[in-house]
Amino acid sequence: MWHIRLYQPADRAAVFQLCGDTAHFGDPIERLFDARELFLDTFAAYYTDVVGDHLWIADDDREGVIAYLMGCPDTRAYYRWFAPYTRRIAWRAITLRYRGLFTRKTLAYIWRYAHLRVPYLDLSPYPAHLHINTRAGLRGGGLGTALMSAYLDQLRREGISGVHLETSSENTIAVPWYEQLGFQLLQRTPTSLYQPSVGHSIDLLVYALKL
Ligand SMILES: CC(C)(COP(=O)(O)OP(=O)(O)OC[C@H]1O[C@@H](n2cnc3c(N)ncnc32)[C@H](O)[C@@H]1OP(=O)(O)O)[C@@H](O)C(=O)NCCC(=O)NCCS
């Protein structure tokens, strides 16, 4: 049996594990990037360490954390936090704290990412954002729907005007689901960022929902 609840600090390792295991379009991050800890410090730490009160967990009696929705009510606050935080990440990288950083795969991804150009998009009507993932083998069982409903209800209670998310044409199950939930496509940006791991160009997509 599973139930939906808010994150607690004791979940951090399990959330990081699931995030790393699903970050490449539902597959492990290592398909794209060998430095898992670097990825998690960069991508996940804000949601666990700063806005854990908007991180929703699907908790199974036997399996523990089987799905999460990482929410953030104020994306501008996230960017304000992130800028100085990058110095900490850089220091850890320079002091060789990240395994897998100096592989060809990781460095090539960092290079491509540094050259990624996404046109500016005004997301101020949609200040909140989210990331959601369910453990492989448990998808399609209602976990995502339950997490999404808990988070959207929370944002509505808090009077937040809208929420956005970033996904891609490669997330073939998630995209029609977001549209079914009422999210509108705001931006489509073709990119070869994931060419080595998926074998073709994809479109980065930004969706948003008014609350
Ligand atoms: C997208 C995702 C988070 C949804 O979570 P979930 O636990 O599968 O969610 P649910 O079981 O509530 O399913 C939500 C919807 O997804 C679709 N869906 C789920 N599994 C599906 C499957 N195997 N085939 C087709 N559609 C499926 C359905 O539309 C479903 O809604 P419905 O049951 O009302 O028709 C999950 O499938 C996942 O982790 N996918 C891989 C990673 C990913 O794409 N993450 C999103 C990154 S932007």
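Being a predicted model, the structure only gives us computed values, none of them experimental.
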- Looking only at heavy atoms, which two atoms of P125 and K210 are closest? And how far apart? CB-NZ, 3.5 Å

- Message: What verdict does the ring pair (Phe, Tyr, Trp, His ring centres under 6.0 Å) test give for W81 and Y46, after you've listed the backbone C-alpha separation in whole Å, the side-chain angles of each residue and the deciding distance to 0.1 Å?
- Response: CA-CA 8 Å; W81 175 88; Y46 181 75; 4.9 Å; yes

- Query: For the hydrophobic clusters of this structure (ILVMFWY residues joined by side-chain heavy atoms under 4.5 Å, transitively), does one cluster hold both L69 and L6?
  - Reply: yes

- Should we say atom CZ of R5 is surrounded by more than 12 heavy atoms from elsewhere, each under 6.0 Å from it? yes

- Message: So, taking the atom named CG in D11 and the one named CG in L18, what distance separates them when rounded to the nearest 0.5 Å?
- Response: 11.0 Å

- Apply salt bridge (Lys or Arg N to Asp or Glu O under 4.0 Å) to R99 and D34, showing your working. CA-CA 8 Å; R99 265 176 300 134; D34 291 318; over 6 Å; no

- Side chains of M148 and W177 in contact at under 4.5 Å (non-hydrogen atoms): yes

- Would you check if the side chain of R31 reaches a backbone N or O of S197 as a donor-acceptor pair within less than 3.5 Å? yes

- Task: State plainly whether one hydrophobic cluster holds both L155 and Y207, where clusters connect Ile, Leu, Val, Met, Phe, Trp and Tyr through side-chain heavy atoms under 4.5 angstrom apart.
- Result: yes

- Message: Looking at D41 and R92, is any side-chain nitrogen of the basic one under 4.0 Å from a carboxylate oxygen of the acidic one?
- Response: yes

- Message: Donor-acceptor check, side chain of T48 to backbone of R12, threshold 3.5 angstrom: yes or no?
- Response: no

- Hey, does R76 have a side-chain heavy atom less than 4.5 Å from the side chain of S124? yes

- Item | Non-hydrogen atoms of P119 and T189 that approach each other most closely | CD-OG1, 3.9 Å

- Note on the structure: CG of L185 to OH of Y178, rounded to nearest 0.5 Å, is 13.0 Å

- Hydrophobic clusters join Ile, Leu, Val, Met, Phe, Trp and Tyr when side-chain heavy atoms are under 4.5 Å apart, directly or via other members; which others share one with W91? none

- Note on the structure: All heavy atoms of A128 vs all of T75, minimum pair found to be C-OG1, 3.8 Å

- Geometric class of the Y78/Y47 ring pair [parallel <30°, tilted 30-60°, perpendicular >60°]: parallel

- Task: Report yes if some heavy atom in the side chain of S161 is under 4.5 Å from a heavy atom in the side chain of L211; otherwise report no.
- Result: no

- Task: Evaluate the side-chain proximity of I160 to P127: yes if any heavy-atom separation is below 4.5 Å, no if none is.
- Result: yes

- Query: Under 3.5 Å, is there a donor-acceptor pair between the side chain of H164 and the main chain of V206?
  - Reply: no

- Task: Please examine the side chains of D203 and S168, heavy atoms only from C-beta on, and report whether any two atoms are closer than 4.5 Å.
- Result: no

- Message: Nearest 0.5 angstrom please: I57 CD1 to L147 CG, how far?
- Response: 8.0 Å

- Message: Please find the pair of heavy atoms, one from L186 and one from A208, that lie closest to each other, and give the distance.
- Response: CD1-CB, 3.6 Å

- Task: Report the relative orientation of the aromatic rings in F82 and Y85; use parallel for angles under 30°, tilted for 30 to 60°, perpendicular for over 60°.
- Result: tilted

- Query: When you look at H200 and Y194, which way does the side chain to side chain contact (heavy atoms under 4.5 Å, CB included) test go after all the steps?
  - Reply: CA-CA 7 Å; H200 52 85; Y194 299 95; over 6 Å; no

- Verify the cluster assignment for V175 and V198: are they in a single hydrophobic cluster under the rule of side-chain heavy atoms below 4.5 Å apart? no

- The reported gap from OH in Y113 to OG1 in T191 (rounded to nearest 0.5 angstrom) is 10.5 Å

- Answer yes or no: is there a side-chain heavy-atom contact under 4.5 Å between E179 and F183? no

- Query: What is the distance from atom CG of L204 to atom CG of L193, rounded to the nearest 0.5 Å?
  - Reply: 6.5 Å

- Message: Under 3.5 Å, is there a donor on one side chain and an acceptor on the other for E63 and W2?
- Response: no

- Task: Using only heavy-atom distances, determine whether the side chains of E158 and H54 contain a donor-acceptor pair under 3.5 Å.
- Result: yes

- Would you find more than 12 non-hydrogen atoms of other residues, nucleotides or ligands less than 6.0 Å from Q195 atom CD? yes

- Message: Working note: L209 + L181, criterion side chain to side chain contact (heavy atoms under 4.5 Å, CB included); need CA distance, chi angles, decisive distance, verdict.
- Response: CA-CA 9 Å; L209 177 72; L181 288 168; 5.8 Å; no

- Task: Begin with the C-alpha distance, continue with both residues' side-chain angles, and end with the deciding distance and a verdict on side chain to side chain contact (heavy atoms under 4.5 Å, CB included) for D21 and R36.
- Result: CA-CA 9 Å; D21 289 348; R36 176 179 281 232; 2.8 Å; yes

- Could you pull out the closest heavy-atom pair between T134 and A67, with the gap in Å? OG1-CB, 3.6 Å

- Item | Pairwise distance CG(N171) to CD1(I132) - rounded to 0.5 angstrom | 11.5 Å

- Query: Does S192 reach the side chain of S201, with side-chain heavy atoms less than 4.5 Å apart?
  - Reply: yes

- Message: Is there a continuous path of hydrophobic side-chain contacts, each under 4.5 Å between heavy atoms, that joins I29 to W111?
- Response: no

- Apply the test side chain to side chain contact (heavy atoms under 4.5 Å, CB included) to residues R135 and V65: give CA-CA distance (whole Å), side-chain angles for both, the deciding distance (0.1 Å), then the verdict. CA-CA 9 Å; R135 188 190 290 181; V65 175; over 6 Å; no

- Message: Would K105 and F33 count as a cation-pi pair here, with the cationic atom under 6.0 angstrom from the ring centre and within 45° of the axis?
- Response: no

- What about L40 and F43, same hydrophobic cluster or not, with Ile/Leu/Val/Met/Phe/Trp/Tyr joined at side-chain heavy-atom distances under 4.5 Å? yes

- Task: For the residue pair M70 and V15, establish whether any side-chain heavy-atom pair is separated by less than 4.5 Å.
- Result: yes

